[in-house]
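Report on one structure; see the data block that follows.
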There are 2 protein chains.
Amino acid sequence: MSTLGLKLRELREQAGFSLRKAAVAIDIDIAILSKMERGERKFSKELVLKLAELYKTNTDKLVIEYLSEKVLYELGEEEFGLEALKVAEKRLRYKKNNNHE
Amino acid sequence: MSTLGLKLRELREQAGFSLRKAAVAIDIDIAILSKMERGERKFSKELVLKLAELYKTNTDKLVIEYLSEKVLYELGEEEFGLEALKVAEKRLRYKKNNNHE
DNA sequence: GTATATTTGACACTATTAGTCAACACGAGA
DNA sequence: TCTCGTGTTGACTAATAGTGTCAAATATAC
């Protein structure tokens with residue numbers, strides 16, 4: 001199940017939006033938001049940002065959540081998922097330090 | 001540039017295969033293998049495994065490399081890439097410990 | 001009952017990715 | 001120079017995945 005979806009649903013309810021109103025506010029179909037909140041469809045980063053703004057909440061954590069879910073989705077049930085994450089992390093650190101473009 | 005591509009090119013040359021022969025052996029078009037080795041196209045896991053077998057080399061490291069590249073590709077130039085990786089890692093560990101399906 | 005909110009599935013549309021093929025460039029050696 | 005083996009490139013089509021739209025079904029409250 002999608003953690004990001006759950007969080008965004010909670011945030012929506014806390015902010016007092018119905019699914020319909022939230023969907024209208026960010027200009028998407030109600031069905032899509034419903035499915036996204038329940039993890040049946042993937043969020044786009046753009047929508048996550050729009051929703052964060054609508055609910056007046058901090059975007060960073062949500063973006064991190066969004067990205068990590070994307071990463072986990074890509075790894076699927078792979079046996080070496082953890083090892084791959086470690087390698088990716090190492091390479092990303094290296095890139096950050098040397099590739100200040 | 002693709003580390004996986006470079007590695008597989010080295011392995012191919014060490015194993016004494018021309019691009020053509022390797023491509024024929026795993027039943028793909030030469031152009032595809034050429035592009036994959038140079039990072040112009042993404043590898044599929046299936047092809048990585050076939051090539052590892054052809055070159056008689058250990059598959060695990062190559063699979064890990066393959067997965068980490070996939071992950072890094074998904075993260076792109078995201079500001080919070082590292083943070084996302086850490087969250088993903090934490091969640092994956094949790095899943096491994098509790099979700100022995 | 002009506003009204004509002006959400007879920008579900010079917011469908012079409014678009015974008016992305018994968019596969020095919022032919023032309024091209026290059027160097028080695030006859 | 002000719003040609004053979006090697007690798008690169010681009011154009012094109014096919015297959016696949018992702019998105020958006022809509023209406024019907026379901027649920028919840030009044």
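These numbers come from the heavy atoms of this one structure, side chains and all, not from hydrogens, waters or symmetry mates. Within every chain, numbering begins at 1; the chains are lettered A, B, ... in the order of the sequence lines, protein sequences first and strands thereafter.
- One donor-acceptor pair, N or O on each side, does fall under 3.5 Å between the base of D/dG20 and the side chain of A/Arg41.
- Using modelled atom types, no side-chain atom of A/Glu65 and backbone atom of A/Thr3 make a donor-acceptor pair closer than 3.5 Å.
- For DNA chain C, the neighbouring residues in residues 18-36 of chain B, judged by any heavy atom under 4.0 Å, are B/Asp29, B/Ala31, B/Ile32.
- One interatomic measurement links the two molecules: CD of A/Glu46 to P of D/dG18, which rounds to 17 Å at whole-angstrom precision.
- Across the protein-nucleic acid pair, A/Lys70 atom NZ and D/dA17 atom P stand 17 Å apart, rounded to whole Å.
- Side-chain atoms of A/Glu74 never come within 3.5 Å of backbone atoms of B/Lys70 as a donor-acceptor pair (strictly under, hydrogens ignored).
- Between the CD atom of B/Glu10 and the P atom of D/dG7 there is a distance of 15 Å, given to the nearest Å.
- When atom types are taken as modelled, the side chain of B/Glu89 and the backbone of A/Leu85 share no donor-acceptor pair closer than 3.5 angstrom.
- The side chain of A/Arg38 contributes an N or O atom lying less than 4.0 Å from OP1 or OP2 of C/dT8.
- To the nearest angstrom, P of C/dA5 lies 14 Å from CD of A/Glu37.
- Rounded to whole angstrom, the span from the CZ atom of A/Arg9 across to the C1' atom of C/dA5 amounts to 10 Å.
- Other residues, nucleotides and ligands contribute more than 12 heavy atoms inside 6.0 Å of the CG atom of A/Asn58.
- Note on B/Arg12: a side-chain N or O is less than 4.0 Å away from OP1 or OP2 of D/dG7.
- Heavy atoms from other residues, nucleotides or ligands lying under 6.0 Å from CD of B/Glu13 number more than 12.
- Side-chain heavy atoms closer than 4.5 Å link hydrophobic residues (I, L, V, M, F, W, Y) into clusters, and following such links, possibly through other members, connects B/Ile26 to B/Leu49.
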